[in-house]
Amino acid sequence: MKFYLALWLAKIINFLINLVSRERGTNLPGEKALLLDPQFVRHFKNIDWDKVIFVTGTNGKSSSTNLIVHILRKSGKKVVSNLEGANLLAGIATSLAKEASLSGRLDADFFVFETDERFLPLIYAQLPAKNMMITNLQKDQVQRNGDPDFIVRKLKEVINPDMRLILNNEEPRSRAFDQIAKEVVYYGVSHHSESFKKGDDYPTLACPVCFHDVVFAEYHVDNVGPFDCPHCGYQSLNQPDFLLEHIDFDKKVFTVGDTLFQMPYDLPFMLYNYSAAVAVCESICGVPKDRQALAFDSFKNIGGRFEVLSYKGKTIKYMRIKQENPDTLQSALNIMASDSEDKMVALGLYQLCDFVPHYANTFYAFDCDFAPLVNSRVERYLCFSEHVAFDTANRLIYEGVERRSITIMNSDEIPEIFAEIEKAKTDNIYLITWLSTFEKMKKYIEGGIN
Amino acid sequence: MAMIKIGWLFPNTFNLHGDRGNILALEFELRRRGHEPVTDKITLDTKEFHPLDYDILFCPPGEMIHFKAVIDYLMPVRQDLLTFIEKRPLLVTGTSIAMFGKKVNRVDGSNFDGLGLIDVELVENDRVYGDDLYFSCRYNGKEMEIIGNQIQMMDILLKDEAPFGLLHYGYGNTGETRFEGVHEGKAIFTNTLGPILVGNPWLTCEMINLVEENKEIQPFLEERDNQLELASMKTKTDLIAKKESHLIPVSGRVR
């Protein structure tokens, strides 16, 4: 009876929220339902665990989930998912409550859930999915996660021999889970024009098998690429089950097997999301590649990381990075470096304000190779954001940028940021900052100042 | 003026928090003084590692899962490391302090012995704590203030050792005392992660002053321009002064 009360409460809350806005309240119905019935998710009916797919990992969870669900729905499948990105137990509870009948019965071909890697054991305890796709396991949110092994241990609590894993062939940490699961599907990306190498003094990582050093032949995105451990022989496969090939950013196409796909976004960090989605949709859901290719044409990512603004004749290209996450910063640096035109770079790395205590951490910037950017016709740098602007400038100076080429602004005042942007001779402006500052900048422009 | 050898211990195994910045800071200051820095990466595949071949050693923070393999590798040179820290600078940051202590107690109930260079015991915590860290310390005879970050995954229980610094703000060794890190001989063991030597060039300078003394090199007299780092310290201490925190205030801690 507790379950029914919880379900109906969730449905009522959801209905009320929808009266206000369809965009809001992705957690609240589930949160309240779980208060009434702590085993709420476990009690839904007609969920075949073989049809449940968890998407987890450090970077790319939301984009991959969105794409998988898009492909499946375009292929006529009925899918339950937490597309709004609410990836904790309450978010999943909300999604299930929305789609269930009043008796808690679900009717879907597949259940695809983005799952926060730290909360995976809690989610799995109520929803024992048989399939899990892992994007990658990287350094991320150290204030929460400490180090990647902290997350590896969380995943090990869940991954078991009965699971089917879909693993990134070129990411050493997550790929090593193939030693546990009974069935593994590997996905990967081949060499492309934005593949890169880093200077010799950039560290790599320890082999997850023998702890000696992993060597990367190159990176397709930061810390992901064909790798080898010379000590124990642990290495990426030359031919994973699903491999993105013939990647052409100009024509925005790639192939998987014999099938030609349109690239919805010509951004290198999206490639592994494409590959993973194709792998999941064919190997788990049985959607053939030619059918998937049709769906790629119409894919629109929710909450993408790249946006463009116009301000007084200048084009401001905003790239959202995840704080404390060197891989997303490296991807943004590479995109800027690949632009051969004159440019101004505005870097607002921002203090960490996730939860109490807030703190001023920019050390992850030293994991990133700024050299290609520094050598790519940057007219001027603006380092802004209170408490971290000086450290950000120092990172550039350690890469050889002269102090006089950097404006340091120890504040987040939007008019001041725009005033500096106005001073640039070039119209080509790159902006990296956290979402909140960007939203304020957008509002400032929309406020009639433009 | 002189070739200065830096040993970077296990950079690929221990690569968590932009620690490469510390090597850049050392090399930058050495070059400014006209020296020729030579940095060797010491890895588990390095056939022969002789600590006394180096002028400076740096060990970045790592994941505990790797510690036993590294302890096994370093154990044969334990005595050389003890000799090294009598006169030469060794910088160990973050969790890697555990390897140099006597015993490590893991959260799952297991434990293992460290190298025993310092008389401390480490206790892994079941949760992570990340924050700013601000303390005073003395190195090579000079008083200084250090600012940085801490991602705390274990507590450091001092026995007969002296702390490296006394906290103005932060978690430090246990969150319950004012102690930060460990100071043994010329070795620094600190919870300050990432590029501590970038943000605190006064410490970098003292480490290199010590190297110059050890090598009987004429001291370099031209002062480094630290305006940027001092401005950074000022704005970060401003943040600390106004921030919300659940820590026990330093003024209310024992010792």
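No experiment lies behind these values; they were computed from the predicted model shown. Chain letters run A, B, ... following the sequence lines, proteins first and then strands; every chain starts at 1. Hydrogens, waters and symmetry mates play no part in the numbers below; they use all other heavy atoms, side chains included.
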| message | Let me confirm one number: the CG-CG distance from B:Asp155 to B:Asn125, rounded to the nearest 0.5 Å. | response | 4.5 Å

| message | Looking at A:Phe196, I'd like to know if the NZ or CZ of A:Lys198 sits under 6.0 Å from its six-membered ring centre while staying within 45 degrees of the ring's axis. | response | no

| query | So what's closer than 4.5 Å to chain A heavy atoms on B:Leu228: side chain, backbone, both or neither? | reply | both

| Which of the residues B:Ala231, B:Ser245, B:Gly194, B:Ala69 is involved in the greatest number of heavy-atom pairs with chain A at under 4.5 angstrom? | B:Ala231

| Honestly, is B:Arg106 close enough over B:Phe112, meaning NZ or CZ under 6.0 Å from the six-membered ring centre and within 45° of the axis? | no

| query | So what's closer than 4.5 Å to chain A heavy atoms on B:Leu193: side chain, backbone, both or neither? | reply | both

| field | Choice from B:Gln150, B:Arg127, B:Lys242 maximising heavy atom contacts with chain A below 4.5 Å | value | B:Lys242

| request: Give, as side chain, backbone, both or neither, the part of B:Glu124 having an atom under 4.5 angstrom from any heavy atom of chain A. | output: side chain

| remark: Looking only at B:His246, B:Lys243, B:Glu229, B:His66, the option with the highest number of non-hydrogen pairs under 4.5 Å against chain A is B:His66

| Using 30° and 60° as the class limits, which term best fits the ring planes of B:Tyr73 and B:Phe10: parallel, tilted or perpendicular? | perpendicular

| remark: Among B:Lys41, B:Glu63, B:Met153, the residue with the most heavy-atom pairs under 4.5 Å to chain A is B:Glu63

| message | Heavy-atom pairs under 4.5 Å with chain B - which of A:Asp149, A:Ile408, A:Val152 has more of them than the others? | response | A:Asp149

| field | B:Asp72 with B:Lys68: basic N within carboxylate O range, under 4.0 Å | value | no

| field | chain B contacts, top residue of A:Arg395, A:His358, A:Glu324 (heavy-atom pairs, under 4.5 Å) | value | A:His358

| Positive for side chain to side chain donor-acceptor pair (under 3.5 Å) with A:Asp140, one of A:Asn59, A:Asn325, A:Thr58 | A:Asn325

| task | Would you mind checking which part of B:Lys234 comes under 4.5 Å of any heavy atom in chain A, side chain (CB onward), backbone (N, CA, C, O), both or neither? | result | neither

